[in-house]
Amino acid sequence: MKAPDFQYHRPTTVDEAIKLLTDAGDDGKVIAGGQSLVPLMNMRLAEPETLIDLTGVEELRSSRKTPTGARYGATTTHMMFEHELVPDVTRGLLPHAAAGIGYPAIRNRGTVGGSLAHSDSAAEWPTVMSALDAAVHARSARGTRTIPVRELLLGFFTTVLEADELITEVEVPSLTPTARWGMHKMCRKPGEFADSMAVARGEGNAHGSWQEVELWLGAATDRPLRLSGTEAAVHGKSSADLAPVRLVEPLAADIGQDLSAIDSTGRHALQLHAVTVHRALRAAERDDTA
Ligand SMILES: Cc1cc2nc3c(=O)[nH]c(=O)nc-3n(C[C@H](O)[C@H](O)[C@H](O)COP(=O)(O)OP(=O)(O)OC[C@H]3O[C@@H](n4cnc5c(N)ncnc54)[C@H](O)[C@@H]3O)c2cc1C
């Protein structure tokens, strides 16, 4: 199928992009990599009358280190993270996550700002940026604001962004030198969205057990989920002390599922998430995320 007709603009500054977006009102949309928006337009699930292409805005593609981390322009592509063409302040987590997104053609065009604005819980950046406690900087004609990613994402394809607001940057805090992280994505074949995705981060003690642990799960509900109950079950232990089956109960509570009422499909999904979380923990402990 083909997209309906639209007016196309390619501004070269953020001010120009914001003016075009404001003038277009509810009928306007920005396009970055187009890897989510174009399929939606082709299927006529989105029919913007005006498209504002952000790829000509140089300042949206620049990145820099800051004293506390790094700021990435919204149109930084997945490939730029993957190949470390931008600074990495996460000791490898950002390049690792980027390398798992779709396949090279997707990573060459898809952007971090577009992925966060699109808000698909099965996508990499929403879960990873939530786990890193990243924030987006957003701008409109009314001014600028900073929104933690944990507050940005409201559900499938829904964020707190107003229609005339543009993500300009994503700010990621540095991981400490002793922090460990692990990520695991479960999908049927490479290039697909996740059926389950987990990120574990925290600190270990001299024996390798988790002294501090934060766990995030993607693709389970309509937005990335912090697994507070599962964290409590993991605290003071290592993955070797915990078979995945022991994570099922706390996971069900974190997801809000009643284990006594769950059917076999639900049970299978829970077991998948338990294995994913366990593998993320194990990868962090080994400092090996391959
Ligand atoms: C075959 C295929 C496989 C894929 N596999 C994966 C995968 O495994 N993992 C994964 O994470 N993703 C995957 N994707 C999605 C891909 O990562 C997209 O790049 C991403 O979801 C959207 O980024 P984009 O730059 O292409 O955004 P676009 O498609 O251009 O825009 C998406 C939405 O965000 C809005 N938007 C874009 N930029 C901004 C901004 N700066 N400020 C405000 N709003 C903005 C647009 O208006 C639109 O509503 C896949 C896509 C395809 C087609």
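Atoms within each ligand, like the ligands themselves, are counted from 1 in listed order. Computed over heavy atoms, backbone and side chain alike; hydrogens, waters and symmetry mates excluded.
Counting heavy atoms closer than 4.0 Å to ligand 1, residue L54 contributes side-chain atoms (C-beta onward) but none from N, CA, C or O. Residue contacts with ligand 1 for A74 involve side-chain atoms from C-beta outward but no N, CA, C or O (heavy atoms, distance under 4.0 Å). Residue-level proximity to ligand 1 for E192 is carried by the backbone, the only part with a heavy atom below 4.0 angstrom. When non-hydrogen atoms are compared, ligand 1 lies under 4.0 Å from the side chain of Y103 (C-beta onward) but not from its backbone. At a heavy-atom distance under 4.0 Å, only side-chain atoms of I106, from C-beta outward, approach ligand 1. Contacts between M197 and ligand 1, counted as non-hydrogen atom pairs separated by less than 4.0 Å, are absent for every part of the residue.
Checking only distances, G102 does come within under 3.5 Å of ligand 1, N or O to N or O. An N or O contact shorter than 3.5 Å links L37 to ligand 1 by distance. Close N/O approach between P39 and ligand 1 is not found [any backbone or side-chain N/O within under 3.5 Å]. When only interatomic distances are considered, the shortest N/O to N/O separation between S36 and ligand 1 falls below 3.5 Å. For ligand 1, the polar-atom distance check finds no N/O of W125 at less than 3.5 Å from any of the ligand's N/O atoms.
Atoms of ligand 1 found under 4.0 Å from any heavy atom of A32, numbered from 1 in the order shown, are 25 (O), 30 (O), 37 (C), 38 (N). For ligand 1, the atoms lying closer than 4.0 Å to a non-hydrogen atom of I31 are 30 (O).
The backbone N or O of E214 lies less than 3.5 Å from no partner atom in the side chain of R226, so there is not a single donor-acceptor pair. A donor-acceptor pair under 3.5 Å is formed between the side chain of D254 and the backbone N or O of G229. A donor-acceptor pair under 3.5 Å is formed between the side chain of T76 and the backbone N or O of G73.
Donor-acceptor pairing under 3.5 Å is recorded for the side chains of T55 and D53.
Remark: R282 does not engage E285 in a salt bridge, criterion side-chain N to carboxylate O under 4.0 Å. D164 has a carboxylate O that lies under 4.0 Å from a charged side-chain N of R142, or vice versa, which qualifies the two as a salt bridge.
For the residues E124, K29, R139, the heavy atom positioned nearest atom 9 (N) of ligand 1 is part of E124. Proximity annotation for atom 35 (C) of ligand 1: of S115, A117, G191, G110, A117 comes nearest, heavy atoms only.
Summary of contacts: the protein heavy atom closest to atom 46 (C) of ligand 1 is V30 O, 3.1 Å. Ranking the protein heavy atoms by distance from atom 42 (N) of ligand 1 puts I167 N, 2.8 Å first. Scanning all protein heavy atoms for the shortest distance to atom 28 (P) of ligand 1 gives G34 N, 3.5 Å.
Judged as a ring pair (Phe, Tyr, Trp, His ring centres under 6.0 Å), not a single pair has a partner in residues 226-284 (not counting sequence neighbours).
Using 4.0 Å as the threshold, R107 has no heavy atom nearer than that to any atom of ligand 1.
Clustering ILVMFWY residues whenever any of their side-chain heavy atoms sit less than 4.5 angstrom apart, transitively, puts L132 in the very cluster that holds V170.
The CZ atom of R10 sits 13.5 Å away from atom CD1 of I52, with the distance rounded to the nearest 0.5 Å.
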